[in-house]
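Keep in mind that the numbers below use all heavy atoms, side chains included, and drop hydrogens, waters and symmetry copies. So that the names make sense, note that chain A is the first sequence line, chain B the second, and so on, each numbered from 1. Note that this is a predicted model, so its numbers are computed, not measured.
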Number of protein chains: 2
Amino acid sequence: MPRAGLSHDAVVRLAVEVVDEAGATGFADLTLAKVAAKAGVAAPSLYKHVGSLADLRREVAVLSVRDLTAAGAAATMGRAGADALRALAEAWRQFARAYPGRYAATQIGPDPDDPADAVAREVAAESVQVVVSTLRGFGLPDERVIDAVRAVRSGIHGFVQLEQGGGFRLREDVDRSFEVLLDMLVAGVAALAAAPVTAGSPR
Amino acid sequence: MPRAGLSHDAVVRLAVEVVDEAGATGFADLTLAKVAAKAGVAAPSLYKHVGSLADLRREVAVLSVRDLTAAGAAATMGRAGADALRALAEAWRQFARAYPGRYAATQIGPDPDDPADAVAREVAAESVQVVVSTLRGFGLPDERVIDAVRAVRSGIHGFVQLEQGGGFRLREDVDRSFEVLLDMLVAGVAALAAAPVTAGSPR
DNA sequence: GAGTTTGGCTAATGGGCATAGCTTTATGGC
DNA sequence: GCCATAAAGCTATGCCCATTAGCCAAACTC
């Protein structure tokens, strides 16, 4: 009958621990029962602090996106151009390696219409903003920024996700492949900044 | 008491229908109960044709990867170089748009150790082989092929996944962004073929 | 047509989310 | 200090799903 001293934040923190402890599938496998067990509490007790499993999931996702954003921001501070872009990519990849479960939580797209996802949409936008800022030094024309940001996000995210999912054999060579990808992205963004009318090449 | 006339393949086919009907989350939401309902049969009856939900999932995933591979192969036949690469990317993206659920099924990485995932590993390798073949026309040195393949897979997969997940606002501009990404990949692969010692640039 | 295989079924178990309603702890006013 | 009330637990319950067990009828084989 003693109290566990839980709180909304404590529950979310425990949920993050559960996610972190279960590897890349940790987010998918997140369950109220596991959080309750870790809290030393019966499962229904969690509803005093959290609306539902879906809510808890959302919160973990938001927190994870914030962490990823912060990691990216920290890595790019004081850098510019290619240097910044490489640092961002490395930070992103490191985050995914250090916290696979949280990285997976990062990947769920917020529903554009659901009011419950408002915060998720907001932090996602902030995360994209870091990429925008990172590319600032390339001197891209305004109407090209969006394309460059998307290409960079796609490349990095795709690589990290494939790596996470074990999509690459020959583990030794993965670092070099990442460098090659970054070379492509750096050169590609630079080219996009240089060439006024490139998009939609001969085809 | 009449029989439903099910079979292993019929169950898998129905499962694919269930996945296709539920959008991008169709694969995650795949359930034996839904398949049974669609088959007009009680859920336990499915066990006469399928080992478990996990098995069924695996089979749907394998089938989905095969479809994606076939789509890529069909699109690149008779093309070479940049042309082939663009065609592959378009095919990939089209597939994801036409069958979001199946595309999601494609993304689960087979366990490298689990014998049950042997077929999944095999079809995944075949899928990668299509990319390898597609890049043949670029004249990449052997030891660079793997990097190029990974960059291409990362870029395309990342883009498609972000698009799928609603990661891009401004839907009108997405096609152009995809073209820009393809320009980068084409130029990047070409550069990789041209420059003997590029990877790991100044940093 | 008899026997066997096969493909259905119902019943039951266990785990997960969620709600309802009770009890106890802490807290805050007096 | 004491009592009222709000907050934080609990158990009990219901529903949905996967899975297992065991039964029964249909269909195929000879």
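- The distance from atom CG of A/Leu56 to atom P of C/dA18 is 10 Å, rounded to the nearest whole Å.
- Scanning all heavy atoms of the two residues, the minimum distance from A/Ala42 to A/Ala36 falls at C-CB, 4.0 Å.
- Note: CZ (A/Arg3) to P (D/dA6) measures 14 Å, nearest angstrom.
- If you check the side chains of B/Asp29 and B/Thr25, you find a donor sitting under 3.5 Å from an acceptor.
- For the pair B/Arg57 and B/Phe27, the distance from NZ or CZ to the six-membered ring centre is under 6.0 Å and the angle to the ring normal is within 45 degrees.
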(request) Start with the C-alpha gap between A/Arg93 and A/Asp175, add the side-chain angles, then the distance that decides, and say whether salt bridge (charged side-chain N to carboxylate O under 4.0 Å, His left out) holds. (result) CA-CA 10 Å; A/Arg93 184 167 174 231; A/Asp175 288 348; 2.8 Å; yes

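- As rounded to whole Å, 11 Å separates atom P of C/dT19 from atom CG of A/Asp55.
- Within a heavy-atom distance below 4.0 Å of DNA chain D, the residues of residues 31-54 of chain A found are A/Val41, A/Ala42, A/Pro44, A/Ser45, A/Lys48, A/His49.
- Cation-pi geometry between A/Arg150 and B/Phe159 is not met: the NZ or CZ atom fails to fall both under 6.0 Å from the ring centre and inside 45° of the normal.
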